[in-house]
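Accompanying notes for the structure given below.
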There are 2 protein chains.
Amino acid sequence: MSDLLERLRGRGWRMTAQRRVVAEVLNGEHVHLTADEVHARAVAKLPEISRATVYNTLGELVSLGEVLEVTTDKRAKRYDPNAHRPHHHLVCARCGAIRDVHPTGNPLADLPDTERFGFTVSDVEVTYRGLCPNCAGA
Amino acid sequence: MSDLLERLRGRGWRMTAQRRVVAEVLNGEHVHLTADEVHARAVAKLPEISRATVYNTLGELVSLGEVLEVTTDKRAKRYDPNAHRPHHHLVCARCGAIRDVHPTGNPLADLPDTERFGFTVSDVEVTYRGLCPNCAGA
DNA sequence: CGTTTGACTTAGACAATGTCCATTGTAGGA
DNA sequence: TCCTACAATGGACATTGTCTAAGTCAAACG
């Protein structure tokens with residue numbers, strides 16, 4: 001689990017208590033927290049950590065490619081530590097639950113040249129929407 | 001072009017100058033304006049229109065299925081009047097330009113049961129990212 | 001046509017999310 | 001241990017969106 005901390009230190013990232021806490025909070029599969037949620041959990045471990053620091057640190061982790069920004073709903077950005085396996089997202093339209101998914105096929109290949117308008121297309125982002133077992137059962 | 005206005009009136013929508021202006025602003029292909037941009041253009045035609053009315057009207061158009069909400073960037077929601085032909089979006093990572101695109105294939109079929117976590121999946125949203133001709137040339 | 005009525009509009013306060021900056025603190029090297 | 005550049009802090013500010021109370025108007029009715 002300190003994989004992340006090791007990698008960061010190896011990249012010359014200056015290690016501080018605050019950064020360690022943020023990195024610890026963002027750990028695991030199917031983790032998609034908002035900045036505020038990250039802050040709340042960080043405060044539980046390190047009460048004096050500030051909002052600005054959480055935002056800064058998240059921004060840096062995104063720049064370093066260690067964490068992905070996800071915008072599945074129109075509210076807050078979410079942060080996804082699963083940056084090293086490419087994946088897409090499945091979102092419950094009712095409760096907002098999010099799962100990482102790995103579809104087969106390559107959507108990039110499905111966009112004909114005539115539909116590219118001269119763009120250099122480099123990336124695709126796919127969001128599946130539906131109801132999770134809980135919400136569908138109700 | 002008054003297709004939209006006709007349809008709305010037919011549905012018992014009370015027609016006001018403000019609503020007409022908003023509907024007129026949202027007209028055309030590849031139109032993806034933020035609420036603020038809609039407001040700015042509406043004010044040009046009807047100076048006393050208020051922000052709240054623009055938000056209300058956009059929300060109603062979305063509820064009626066006449067306009068789609070698009071969240072390609074993490075900033076503001078955008079409103080897409082092209083609601084009657086299903087499509088996806090191609091976004092310039094630099095300048096934010098957006099084009100409507102129609103990929104071949106069906107991403108829904110590419111999500112195996114084992115990757116559905118018991119969800120009832122009903123919809124997919126695909127966002128291609130890259131550089132538009134202008135930004136790539138620079 | 002004039003009245004009437006309830007839906008629509010308005011302005012501005014408020015809320016949620018995110019950014020910026022000047023000041024203070026500290027990790028890690030010499 | 002001391003220095004210094006980099007990081008953290010807190011609070012002001014910005015952007016986007018929501019809500020409410022009061023005024024206004026579209027359209028149905030006579």
Side-chain angles (χ1 to χ4, degrees), chain A residues 2 5-6 8-25 32-64 66-80 96, chain B residues 2 5-6 8-26 32-43 45-64 66-80 96:
Chain A
S2 310
L5 293 178
E6 287 307 319
L8 293 172
R9 195 191 297 275
R11 293 217 212 173
W13 215 50
R14 187 159 148 188
M15 189 51 56
T16 68
Q18 291 84 347
R19 286 176 168 188
R20 197 188 329 272
V21 165
V22 170
E24 281 171 8
V25 167
H32 308 87
L33 300 169
T34 65
D36 247 25
E37 287 164 352
V38 171
H39 181 234
R41 299 192 187 194
V43 163
K45 300 183 174 205
L46 187 70
E48 67 276 21
I49 193 171
S50 77
R51 241 163 40 93
T53 296
V54 170
Y55 276 100
N56 287 342
T57 304
L58 289 172
E60 284 161 23
L61 289 171
V62 170
S63 293
L64 292 169
E66 296 291 347
V67 163
L68 296 177
E69 262 182 20
V70 181
T71 58
T72 50
D73 63 18
K74 40 283 172 189
R75 317 284 284 302
K77 292 183 219 172
R78 294 178 174 275
Y79 294 88
D80 182 343
Chain B
S2 310
L5 293 179
E6 286 307 318
L8 292 174
R9 194 192 296 275
R11 294 217 211 174
W13 217 48
R14 187 158 149 188
M15 189 51 55
T16 67
Q18 291 84 349
R19 287 176 168 186
R20 197 186 331 272
V21 165
V22 170
E24 280 171 11
V25 166
L26 286 173
H32 307 87
L33 300 169
T34 64
D36 247 26
E37 287 164 352
V38 172
H39 181 234
R41 300 193 185 194
V43 163
K45 301 184 175 209
L46 186 69
E48 66 276 23
I49 192 172
S50 78
R51 241 163 39 92
T53 295
V54 171
Y55 276 100
N56 288 342
T57 305
L58 289 173
E60 284 160 24
L61 289 171
V62 170
S63 295
L64 292 170
E66 297 290 348
V67 163
L68 297 176
E69 264 183 17
V70 181
T71 57
T72 51
D73 63 17
K74 40 279 168 191
R75 316 283 286 303
K77 294 181 216 172
R78 293 178 174 276
Y79 294 88
D80 182 343

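We use all heavy atoms of the structure for the numbers below, so side chains are in, but hydrogens, waters and symmetry mates are not.
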Separation of atom [atom1] in [X] from atom [atom2] in [N], rounded to whole Å:
X       : N      : atom1 : atom2 : result
A:Leu58 : C:dT19 : CG    : C1'   : 14 Å
B:Arg75 : C:dG18 : CZ    : C1'   : 10 Å
A:Arg78 : C:dT17 : CZ    : P     : 10 Å
A:Lys77 : C:dA16 : NZ    : P     : 19 Å
A:Asn56 : C:dT19 : CG    : P     : 9 Å
A:Leu8  : C:dG28 : CG    : P     : 13 Å
B:His39 : C:dT9  : NE2   : C1'   : 12 Å
A:Arg20 : C:dT26 : CZ    : P     : 14 Å

Q.
Students often get this wrong, so: under 4.0 angstrom with heavy atoms, is A:Thr53 touching a base, only sugar-phosphate, or nothing?
A.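 The answer is base, as A:Thr53 lies within the cut-off (heavy atoms under 4.0 Å) of a base atom.
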Side chain of [X] only, please: which of [options] is the nearest?
X       : options               : result
A:Met15 : C:dT9, C:dG28, D:dA8  : C:dG28
A:Tyr55 : C:dT9, D:dT9, C:dT19  : C:dT19
A:Ala76 : D:dG17, C:dT17, D:dA8 : C:dT17

Q) Is there a donor on the side chain of B:Arg14 or the base of D:dC25 sitting less than 3.5 Å from an acceptor on the other? A) yes
Q | Any donor-acceptor N/O pair under 3.5 Å between C:dT17 base and A:Arg51 side chain | A |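 Flag unset: no donor-acceptor pair detected.
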Q. Taking for each residue the nucleotide of DNA chain D bearing the nearest heavy atom, is the 5' side occupied by B:Arg9 or by A:Trp13?
A.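 Closer to the 5' end of DNA chain D: A:Trp13.
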Q. Closer to the 5' end of DNA chain D via nearest nucleotide, is it B:Ala17 or B:Ala52?
A.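 Nearest-nucleotide comparison on DNA chain D picks B:Ala52.
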Which value, rounded to the nearest 0.5 Å, describes the distance between [X] atom [atom1] and [Y] atom [atom2]?
X       : Y       : atom1 : atom2 : value
A:Glu6  : A:Met15 : CD    : CE    : 8.5 Å
A:Thr34 : A:His39 : OG1   : NE2   : 11.5 Å
A:Thr71 : B:Arg75 : OG1   : CZ    : 13.0 Å

Q. Are the side chains of A:Leu64 and A:Leu8 in touch, meaning some heavy atoms are under 4.5 Å apart?
A. yes
Q.
Can you confirm whether A:Leu61 sits close enough to A:Tyr79 that some side-chain heavy atom of one is under 4.5 Å from a side-chain heavy atom of the other?
A.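 No; the side chains remain at least 4.5 Å from each other.
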With a 4.0 Å cutoff (strictly under), does any side-chain N or O of [X] reach OP1 or OP2 of [N]?
X       : N     : result
A:Arg19 : D:dA8 : yes
A:Thr16 : D:dA8 : yes
A:Gln18 : D:dT9 : yes

**Q.** Given DNA chain C, 5'-ward residue of the pair B:Val54 and A:Thr34, judged by closest heavy atom
**A.**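 On the 5' side of the pair lies B:Val54.
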